[in-house]
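A short write-up of the structure that comes next.
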Amino acid sequence: MKPVLNRLKRAQGQLAAVIAMVESGRDCEEVVTQLAAVSRALDRAGFKIVAGGMCQCLADGSENPPMTQDQLEKLFLALA
């Protein structure tokens, strides 16, 4: 989970920078570019969480019942 936390913290910093850019009246193109970077960072963190969950669910001895294909698909689509 450490890589996920690192991505989320990076996205948090990027989002704070975007907010500051908007507050200071920075150029729209610059703001949108940085906002897109935040969005990508959050998407990557989400995919990493889902992938980690898949690995955990597929591992032998998991205390939780395995996820169905529909459940996994729903998680992936939630990030799309």
Side-chain angles (χ1 to χ4, degrees):
M1 274 309 198
K2 188 169 172 88
V4 172
L5 285 173
N6 288 340
R7 285 181 189 271
L8 290 173
K9 288 177 182 180
R10 189 176 316 126
Q12 183 180 29
Q14 287 175 310
L15 183 56
V18 170
I19 291 168
M21 291 172 73
V22 171
E23 290 175 339
S24 67
R26 294 281 294 269
D27 180 61
C28 180
E29 186 176 349
E30 293 176 45
V31 172
V32 171
T33 299
Q34 291 305 311
L35 193 55
V38 172
S39 180
R40 283 191 304 274
L42 290 174
D43 288 345
R44 288 185 183 119
F47 284 125
K48 196 149 193 73
I49 289 169
V50 172
M54 284 177 54
C55 290
Q56 187 177 25
C57 289
L58 295 174
D60 290 336
S62 176
E63 57 191 55
N64 297 321
M67 294 181 78
T68 67
Q69 183 175 348
D70 287 340
Q71 289 171 317
L72 290 171
E73 184 178 333
K74 185 176 179 180
L75 284 176
F76 274 110
L77 290 175
L79 294 171

**Request:** Find the distance between CZ (Arg44) and CZ (Arg10) and round it off to the nearest 0.5 Å.
**Result:** 9.0 Å
**Asked** Between atom CD of Gln14 and atom CD1 of Ile19, what is the distance when rounded to the nearest 0.5 Å?
**Response** 12.0 Å
**Message:** Can you confirm whether Gln12 is buried at CD, in the sense that more than 12 heavy atoms of other residues, nucleotides or ligands lie under 6.0 Å from that atom?
**Reply:** no
**Request:** Report yes if the side chains of Leu8 and Leu42 come closer than 4.5 Å at any heavy-atom pair, otherwise no.
**Result:** yes
**Prompt:** Going from CG on Asn6 to NZ on Lys48, what distance comes out if it is rounded to the nearest 0.5 angstrom?
**Reply:** 10.5 Å
**Request:** Kindly compute the distance separating CE (Met21) from CD (Glu30), expressed to the nearest 0.5 Å.
**Result:** 5.0 Å
**Prompt:** Same cluster or not: are Val38 and Val22 linked, directly or through other Ile, Leu, Val, Met, Phe, Trp or Tyr residues, by side-chain heavy atoms under 4.5 angstrom apart?
**Reply:** yes
**Request:** Taking the side chain as every heavy atom from C-beta outward, state whether Val31 and Asp27 have any atom pair closer than 4.5 Å.
**Result:** no
**Request:** Using modelled atom types only, decide if a donor and an acceptor are shared between the side chain of Ser39 and the backbone of Leu35 within a distance under 3.5 Å.
**Result:** no
